[in-house]
Number of protein chains: 2
Amino acid sequence: MQDNSASILLIDDHPLLRKGVKQLIEMNPNMQVVAEACNAVEGIKQAQKYDPDLILLDLNMPEINGIETLKMLREENVSSRIVVFTVSDNEEDVVAALKAGADGYLLKDMEPEDLLTSLEQAATGTLVISPRLTTLLAQALQSNKRSDKIDMQTLTPREKQIIRLIANGMANKVIARKLNITEGTVKVHVKHLLKKLRLRSRVEVAVWAVQEGLN
Amino acid sequence: MQDNSASILLIDDHPLLRKGVKQLIEMNPNMQVVAEACNAVEGIKQAQKYDPDLILLDLNMPEINGIETLKMLREENVSSRIVVFTVSDNEEDVVAALKAGADGYLLKDMEPEDLLTSLEQAATGTLVISPRLTTLLAQALQSNKRSDKIDMQTLTPREKQIIRLIANGMANKVIARKLNITEGTVKVHVKHLLKKLRLRSRVEVAVWAVQEGLN
DNA sequence: TCTGGTATACCACTAAAGTGGTAGGCGGGC
DNA sequence: GCCCGCCTACCACTTTAGTGGTATACCAGA
């Protein structure tokens, strides 16, 4: 950039909203909208052309949605900070966005001045999140805590212990050494827990356990 | 309880702090401290005796720490809401507490009136989190997003595809049928991706992939 | 054109995982 | 006291998984 203001790319399919956001952003002399796009393909093209400091990305877009766009941007090795800017306070969206590598998640109903502050922070690399999402984030982390009790109940303590070790990728032999029992005995436990969980291999056990947060 | 105020159990090894919190809580007629404990064992005993609506749990305790205590309480099927109350704004602690099933995480440096409000909410079943932890929670969800990019980059499309199938628990033979290639070829791909990811078995691949959200 | 990476296939081999059955010791409940 | 569930152990056996090497074909970049 010719000056040292932060360059921003807007990706949103609503022209009016882009206009409004652009006006708001350019009230702050430290930030500048260098490009706009109304869909994923266009957005990626612009991102590669301008390599902006910050990309403001809408989630609800026709054809390719925001999360997909985000993943595609990352695939293309776009190094810009990417902040999702959306109306959706849906848990799945927030979690998906963050897991896909979003550097922020801001809601469109924010106060304009708060938005400006957040964008400035985001441009410098700070992870910004609308405060309203705190509780939701915490719930996402808890996620599955109590749902597994049903299956887990039928397992003996030893079996649960072995499931955790499998979910850490350990082989039977390693588990045996760790628990000071023979490999044969480990196999017995594995056999039993496979039956109880109605799974077909230790890989399935590992996947299940990791998803339940057991490791 | 004889009245309909929320019953609270304090578990904290600092008597002075317990005293302070108790005084604060009882300024609100809707809440009442029914018991106190200075360690895990005592805490569990009291929890079972009084079955309080809410347990306020310190993390830094001698012998058995707060997270362990939390797990033990859940093991004992204590149904009280459990809110962690600590000085630690450490990411690991927050995440561990929530994963262990905490119904809240409050920092000791909160304003007393905010604390009271939060406790009241917690007693009614709302998940309460100190606002200061928002960013941290989001980071925890992102977790390791970019650390692996290096690894992922070296993988061929075919290998990525096979990783996803492994992460769904599939055996080589099943993968072969799905991709219309021989089992031997699948093994070749698996061999290569194991090398690239420096993992030792498909179980480790599955665990890694699930944690990265690849399935 | 040559090189290098990718995808495929086959082979032989070793190692690990999973199955089936038997069995002893141990602790809790009827 | 007896039975039952749990943990342990051993056995033989089959199936999967993983290793090492060789080889063909395709495609893209130097």
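Residue numbers begin at 1 in each chain, while the letters A, B, ... track the order of the sequences.
- Checking the phosphate oxygens (OP1, OP2) of C/dA16, no side-chain nitrogen or oxygen of A/Asn172 falls inside 4.0 Å.
- One atom, CD of B/Glu159, and another, P of C/dT8, lie 10 Å apart when rounded to the nearest Å.
- When distances are taken from the side chain of A/Leu194 to each of C/dT19, C/dA9, D/dG18, the shortest belongs to C/dT19.
- Straight-line distance from the CD1 atom of B/Ile162 to the P atom of C/dA7: 9 Å, rounded to whole Å.
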Given side-chain contact (heavy atoms from CB on, under 4.5 Å), test A/Tyr105 with A/Leu133 step by step and report yes or no. CA-CA 9 Å; A/Tyr105 195 106; A/Leu133 301 171; 3.5 Å; yes
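- Position along DNA chain C of the nearest nucleotide to A/Ala171 versus B/Arg158 favours B/Arg158 as the more 5'-ward residue.
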Mind running side-chain hydrogen bond (donor to acceptor under 3.5 Å, both in side chains) on B/Gln161 and B/Arg158 for me, showing each step along the way? CA-CA 5 Å; B/Gln161 189 178 21; B/Arg158 198 52 146 183; 2.8 Å; yes
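- Between B/Ile181 and A/Arg202, the residue whose closest nucleotide on DNA chain C is further toward the 5' end is B/Ile181.
- Set against C/dC10, D/dT8, C/dG18, the side chain of A/Lys187 has C/dG18 as its closest nucleotide.
- Among A/Arg18, A/Lys19, A/Lys45, the one residue that satisfies the salt bridge (charged side-chain N to carboxylate O under 4.0 Å, His left out) test with A/Glu36 is A/Arg18.
- Counting any heavy atom pair closer than 4.0 Å across all strands shown, A/Thr185 reaches a base atom.
- In terms of phosphate contacts, A/Thr156 brings a side-chain nitrogen or oxygen within less than 4.0 Å of OP1 or OP2 of D/dC7.
- Residues A/Asp58 and A/Lys108 are paired through a salt bridge, judged by an N-O separation under 4.0 Å between the basic side chain and the carboxylate.
- Donor-acceptor pairing under 3.5 Å, judged by distance alone, is absent between the side chain of A/Lys191 and the base of C/dG18.
- Taking side-chain N and O atoms only, A/Thr182 has a distance below 4.0 Å to OP1 or OP2 of D/dA9.
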